[in-house]
Colleague: 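Quick one: structure below, then a few questions.
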Amino acid sequence: MINTPIAYLKGVGPLKANLLQSELHINTFADLLEFYPFRYIDRSQFYKINQLQQNTAEVQIIGKITSISTIEQQKGNRLVAQFTDGTHVMDLVWFKGVKWIKSNLKTNIPYVAFGKLNWFNGIPNMPHPDLELLSEFEKGIQTKMQAIYPSSEKLLAKGLNNRTFIKLIKQMFSEHILIKESLSAKLIFELNLMPRKEAVFNIHFPTSQAHLSKAQYRLKFEEFFFIQLQLLRQKMNRKKKLKGYIFDKVGANFNTFFNHHLPFELTNAQKNVVKEIRKDMVTGAQMNRLLQGDVGSGKTIVAVLCILIAIDNGFQAAFLAPTEILAKQHFSAVTKLLTALPINIALLTGATKPKERRQQFADLASGKLNILIGTHAVLEDKVVFNNLGLAIIDEQHRFGVAQRSKMWLKNKLPPHILVMTATPIPRTLAMSVYGDLDISVIDELPPGRKEIVTGHRFDSNRLKVFKFLSEEIAKGHQVYIVYPLIQESEQMDYKDLMDGYESISRYFQMPEYQISIMHGKMKPEAKDYEMQRFVKGETQIMVATTVIEVGVDVPNASVMLIESAERFGLSQLHQLRGRVGRGNTQSFCILMSGNKLSDEAKVRLDTMVNSNDGFEIAEVDLKLRGPGNLMGTQQSGVLNLKIADLVKDAELLKLARQSALEILKTDPDLLNPENKFINAAYADKIKYNNLWANIS
Ligand code: ADP
Ligand code: MG
């Protein structure tokens with residue numbers, strides 16, 4: 001039985017079973033089969049000690065142990081075995097598990113020693129070799145491709161080395177455990193996949209490179225396939241279970257606005273997204289859609305059009321932003337766009353006065369208020385709508401899932417939810433992490449935008465950079481100067497900001513120049529005051545930490561100067577850069593850094609200099625940081641892949657999702673006999689795999 005506890009495998013005592021469970025989450029036979037090698041090495045070749053070279057990675061040597069000694073050291077003992085093959089002598093060395101290993105070593109019998117070399121004064125030794133009696137070795141398969149399994153010191157110290165893993169896995173095969181097929185004959189045929197049993201065997205004991213490649217392909221596909229199946233089924237179930245309001249009217253407000261008050265022609269991408277959303281809103285199921293669009297791609301107008309649809313169908317709408325500044329900005333933008341229409345809009349933030357608040361609550365409850373725009377304040381239980389039909393959440397990465405789901409409870413049926421994000425997520429990642437949401441993408445910027453020119457400058461060139469700023473200001477433009485803000489060293493960052501502010505004010509002196517400053521330690525009113533001065537053009541320079549990161553819109557600003565740019569992540573740099581280039585003047589982004597840069601920082605800065613495309617930048621970010629870091633730990637269930645790789649196997653992921661989708665389309669409950677293997681494997685995964693249970 002494949003789901004037999006691992007302790008029942010011959011060769012696995014209680015000690016090893018514990019270790020396998022605690023260190024590697026290997027609980028069953030099946031788990032051990034899915035403990036995949038991470039590379040393969042050639043074990044058909046042998047070396048002579050006198051031919052060893054410093055650059056050889058791993059070597060295997062046939063020889064005998066002539067003597068064994070234990071050397072006492074402060075930090076535990078060291079075991080040294082003298083090893084000779086007739087051409088020369090070298091040491092085999094152990095630092096861990098000394099006692100156990102010593103009791104098992106035999107002298108004057110031929111061994112195969114396998115491992116990496118350490119070189120000391122030109123003389124090699126082999127620490128923690130993989131040691132096997134030659135007689136045993138000859139019984140096994142000598143292959144050009146031997147699997148190497150992930151390891152750790154702890155495992156090695158307890159005797160769980162590579163050879164043990166090979167032995168245990170071989171043991172499973174020799175016990176003829178049943179490895180069941182998990183995909184349908186149709187899929188296997190159409191995609192020309194290796195059958196499961198053969199693939200599992202070849203991943204551990206490849207019979208050729210071609211077989212190994214096919215085995216890897218099959219198992220990676222399978223891994224993606226079942227995750228996608230799970231996510232897609234969740235989505236379908238939600239749609240089945242969660243009824244939603246039907247917005248099937250296109251009414252006066254939408255038509256009047258669309259035909260007479262659109263300030264510009266929509267881009268095709270915007271039109272398509274509006275279409276997708278409208279389709280969602282008539283299905284009778286609740287919409288849960290993620291709208292991705294680069295900074296400046298025009299998400300706001302899409303939001304407004306959706307809001308009008310809700311209103312025309314007799315519902316209210318909420319529009320949430322993560323900060324007070326942003327909420328205000330949305331409020332004034334939406335109010336301006338909709339002035340000609342008989343629509344009531346209010347702004348609710350932490351700063352809204354009690355009296356005004358009471359009026360708002362009354363108007364919300366009576367239905368007089370059509371749109372409520374605001375911050376987290378909108379989520380509070382006291383905020384009760386008459387008939388909320390649509391909630392739009394901007395810049396979602398600032399809102400937690402729990403907060404978001406509060407909006408679901410604000411009406412009898414959950415309102416439609418549109419989440420908008422300006423931090424593009426690579427498609428593959430979105431498919432995995434948001435695989436249960438619907439996703440729309442605005443992949444086109446409004447026409448006539450000038451590309452922002454981005455440059456990287458070293459701190460030593462600061463005066464030149466300042467001169468450039470003064471020239472831009474002389475043309476009537478405004479500039480941002482941004483300092484990093486990293487939680488752990490808030491004090492230091494604050495000091496950097498203040499030092500910077502001082503040197504900036506020495507260079508850009510009053511009264512010719514007016515400077516605003518903004519940082520997290522200021523009271524909201526003070527922040528707001530400074531922001532307003534900058535928006536109105538009363539100040540030319542905004543010195544700030546990343547509090548201005550998201551969404552602020554000052555079209556007259558033409559330069560974004562980022563200090564210590566090497567300390568920012570790619571998506572943040574891209575967000576910051578998106579604060580300029582919002583009007584029709586040529587804009588610039590200057591990345592300042594010190595001279596010493598890590599390789600990764602160099603890649604980040606180069607990427608920014610060479611690309612303005614948020615999706616391209618997100619792909620680089622994914623490659624640099626890996627999916628886990630990009631999305632945070634809560635998603636690790638989906639991202640903890642055993643064999644597939646989101647970056648390298650992106651095409652395969654798409655194929656797997658497509659395949660899962662096609663199957664579910666005709667057989668949503670996997671009841672069709674042709675899908676019975678899929679159904680059984682799926683049920684097994686849900687039952688036995690802890691990680692799986694956590695995917696949501
Ligand atoms: P974001 O997607 O970053 O929220 P906004 O909705 O703030 O972008 O739009 C950025 C700017 O582009 C705004 O000034 C907006 O008026 C303008 N804009 C949006 N769509 C179009 C369009 N189709 N044609 C011209 N300008 C547009
Ligand atoms: Mg926006």
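We count ligands from 1, going down the list as the structure has it; atoms in each ligand are counted the same way. Please read all numbers here as calculations on a predicted model, not as lab measurements.
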Colleague: Do Gln286 and Asn288 have side-chain atoms, one donor and one acceptor, less than 3.5 Å apart?
Modeller: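 Note: Gln286 and Asn288 side chains meet the donor-acceptor criterion.
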
Colleague: Against the six-membered ring of Phe254, is Arg278 placed for a cation-pi contact (under 6.0 Å from the centre, within 45° of the normal)?
Modeller: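 Judged by the rule, Arg278 and Phe254 form a cation-pi pair.
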
Colleague: With ring centroids as reference points, do His416 and Phe247 lie under 6.0 angstrom apart?
Modeller: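 When the ring centroids of His416 and Phe247 are compared, they turn out to be within the sub-6.0 Å range.
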
Colleague: Is a donor from one side chain sitting under 3.5 angstrom from an acceptor on the other, for Asn387 and Gln316?
Modeller: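 No, no side-chain donor-acceptor pair sits under 3.5 Å.
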
Colleague: Using a strict cut-off of under 4.0 Å between a residue heavy atom and any atom of ligand 1, list the qualifying protein residues by chain and number.
Modeller: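 Phe264, Glu265, Leu266, Thr267, Gln270, Asp294, Val295, Gly296, Ser297, Gly298, Lys299, Thr300, Pro446, Arg449, Arg582.
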
Colleague: Does anything in residues 525-534 form a salt bridge (charged side-chain N to carboxylate O under 4.0 Å, His left out)? List the pairs, not counting sequence neighbours.
Modeller: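 Matches after skipping sequence neighbours: Lys328-Asp528, Glu530-Arg533.
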
Colleague: For the pair Phe468 and Phe588, name the ring-plane relationship: parallel under 30°, tilted 30 to 60°, perpendicular over 60°.
Modeller: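 Perpendicular.
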
